[in-house]
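Below: one structure, written as C-alpha cells.
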Amino acid sequence: MLTTAKKHNVSFAAIKLSASLKEELPVWYHLGATKKLRQLNNTKVSDCLRDNHDVRLVADLMPLAKRECYSIARAVSNDFVPTDCACPNCETDSGRGCKHPMNCCKAAAYLLAQVHPKWHPDIESPKDGLTLTRRRKDKNEQALEEAEGDVVFDPSLTSRGHIAEAFRVFVDPRVHDEPPAIRAKRGRIVEDEAVTAYIVESVAQVHLPRGTDPMPLDHGFVFYPDSGRGELVWPGHNAQTMSHPMGAAVAALKIVSDTPRDAPLRI
C-alpha cells in the first residue's frame, strides 16, 4: 500500500487551509516548513518538547510559544531569556522533568517561525471570495430537501474538518508552498445570457433497451433545452482502462469551458 501511494504521489495537498486544520498538522517533519525545522527534530530541546511537553502537533507549540512569561522576557531582553521562572506554567513543566521551561518556550517559538506562511496558523489565508455565505448554504440545503430550486455550486478551496480529508493522489510536490490563486473580480452578471444544461453519463447495460450498445465510460452527453442542441463529449483517451464512469465530469467541464464567465450557469 505504501509503495503504491509513493508511486502515485499521494500527499497532503490542501490548496487553502482553515486555521484549525493548520494546527492539526504534525510539527515534526512538517511538510510546509524550512529545512531548519528538520535539523531540530533530534536535539535535546526537541526531545524535551516531545517527552515533557507532549509536543506532537503545531497546536501543541502555540501555548509554549505564546506563554506570557516568555513574551514579557523577550520584550525586555530581546533574545535573552532567564534561566528560571516561578509562574505556574513553568513550575508545572519543571515538575514534569523540564530543566529549562523558558528555553523550551524559546525553542517552540523558533520552531513555529520555520513554518511557511501558507501553513502558519497565525497567518490568515488570502480571502478569495469563493466560500458561500451561510444564507446561500441554507438555501442549498432547502433546495435539496424539497427537490426544487437551484443548488449553487460551492467553489470554496478551503480545507476544513479532519486532516485525512486533505490527502490527494497525483500531487506535484513543487506546488506545496504555493499560495492559492485569487478569484478574479466579479463582473456584471447578465441574466439574459443564463445557460441551462442537462448532463447524461454512461448507464449500466441493464437500464438500456435490449440490443443497445452502452455509452463508453468516459463519454458524456450535454443537452441545452433552450436551443435544443445536444453534444456527445469525451476526453479522447482509451476508456478500456476505466472502472468507473467519468462522463458526467467530462460533460460538466465542457459546459463550464463553453459558457461565458459573466453568464449564470445551471447544470
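Starting from 1, each residue takes its place in the sequence as its number. Since the structure is predicted, the reported quantities are computational estimates derived from the model, not experimental observations.
- Minimum heavy-atom separation, A65 to Y70: O-CD2, 3.7 Å.
- When every heavy atom of A194 is checked against every heavy atom of R266, the shortest pair comes out as CB-NH1, 3.7 Å.
- Contact check for D138 versus R134: side-chain heavy atoms found under the 4.5 Å cut-off.
- In the hydrophobic clustering of ILVMFWY residues, with side-chain heavy atoms under 4.5 Å counting as a link, L31 and F167 come out together.
- No side-chain heavy atom of H30 sits less than 4.5 Å from a side-chain heavy atom of Q114.
- Taken to the nearest 0.5 Å, the CZ atom of R136 stands 5.5 Å off from the NZ atom of K139.
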Pairs under 3.5 angstrom only: tabulate donor-acceptor contacts from the side chains of residues 10-26 to other protein residues two or more places apart or in another chain.
{"from": "S11", "atom 1": "OG", "to": "H176", "atom 2": "NE2", "distance (Å)": "3.3"}
{"from": "K16", "atom 1": "NZ", "to": "P126", "atom 2": "O", "distance (Å)": "2.8"}
{"from": "K16", "atom 1": "NZ", "to": "D128", "atom 2": "OD2", "distance (Å)": "3.4"}
{"from": "S18", "atom 1": "OG", "to": "S20", "atom 2": "OG", "distance (Å)": "3.3"}
{"from": "S18", "atom 1": "OG", "to": "L21", "atom 2": "N", "distance (Å)": "3.3"}
{"from": "S18", "atom 1": "OG", "to": "S159", "atom 2": "O", "distance (Å)": "3.4"}
{"from": "K22", "atom 1": "NZ", "to": "H120", "atom 2": "O", "distance (Å)": "3.2"}
{"from": "K22", "atom 1": "NZ", "to": "I123", "atom 2": "O", "distance (Å)": "2.8"}
{"from": "K22", "atom 1": "NZ", "to": "S125", "atom 2": "OG", "distance (Å)": "3.3"}

Test side chain to side chain contact (heavy atoms under 4.5 Å, CB included) applied to V222 and D258, step by step: CA-CA 12 Å; V222 179; D258 289 350; over 6 Å; no

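- A perpendicular orientation is assigned to the rings of H8 and F170, their planes being inclined by more than 60° (bins at 30° and 60°).
- Interatomic distance, M102 CE to R67 CZ, rounded to the nearest 0.5 Å: 8.5 Å.
- Heavy atoms of other residues, nucleotides or ligands lying less than 6.0 angstrom from NZ of K137 number more than 12.
- Under the 4.5 Å side-chain heavy-atom criterion for grouping Ile, Leu, Val, Met, Phe, Trp and Tyr, M62 is connected to I163 within one hydrophobic cluster.
- Looking at D47 and R50, a side-chain N of the basic residue comes within less than 4.0 Å of a carboxylate O on the acidic one, giving a salt bridge.
- Counting only heavy atoms from C-beta outward, the side chains of Y110 and K106 never approach each other to under 4.5 Å.
- If you take CH2 on W234 and CE on M246, they are separated by 13.5 Å, rounding to the nearest 0.5 Å.
- Taking each heavy atom of A197 and P225 in turn, the nearest pair found is CA-CD, 4.4 Å.
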D154 and N140: CA distance, side-chain angles, deciding distance, side chain to side chain contact (heavy atoms under 4.5 Å, CB included) verdict: CA-CA 10 Å; D154 188 353; N140 278 355; 5.6 Å; no

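- Atom SG of C104 is separated from atom NZ of K99 by 11.5 Å, given to the nearest 0.5 angstrom.
- Contact of the V55 side chain with the L111 side chain is not registered, since no non-hydrogen atoms from C-beta on lie closer than 4.5 Å.
- In this structure a side-chain-to-backbone donor-acceptor pair under 3.5 Å is missing from H116 to K118.
- Residue E146 qualifies as enclosed at atom CD: its count of foreign heavy atoms under 6.0 Å is above 12.
- A heavy-atom distance below 4.5 Å is not found between the side chains of V27 and D60.
- Linking Ile, Leu, Val, Met, Phe, Trp and Tyr whenever their side-chain heavy atoms come within less than 4.5 Å puts W28 and W119 in one cluster.
- For E193 against A263, the heavy-atom pair with the smallest separation is O-CB, 3.3 Å.
- Grouping the Ile, Leu, Val, Met, Phe, Trp and Tyr side chains by contacts below 4.5 angstrom, directly or via other members, places F223 with L232.
- The shortest non-hydrogen separation linking C85 to E91 is O-OE2, 3.8 Å.
- From D51, atom CG reaches atom SG of C98 across 11.0 Å, with rounding to the nearest 0.5 Å.
- For the atom pair L112 CG and L61 CG, the distance stands at 6.0 Å (nearest 0.5 Å).
- The side-chain contact (heavy atoms from CB on, under 4.5 Å) check on S71 picks up nothing, with sequence neighbours excluded.
- Grouped with L132 in one hydrophobic cluster are V152, the linkage being side-chain heavy-atom contacts under 4.5 Å among Ile, Leu, Val, Met, Phe, Trp and Tyr residues.
- Contact record, T196 with Y198: CG2-CE1, 4.2 Å, taken as the closest heavy-atom pair.
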Verdict with supporting geometry, C48 and H100, side chain to side chain contact (heavy atoms under 4.5 Å, CB included): CA-CA 9 Å; C48 184; H100 196 333; over 6 Å; no

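- Between N41 and S46, every side-chain heavy-atom pair lies at or beyond the 4.5 Å cut-off.
- L57 and L37 are members of different hydrophobic clusters when ILVMFWY side chains are connected at heavy-atom separations under 4.5 Å.
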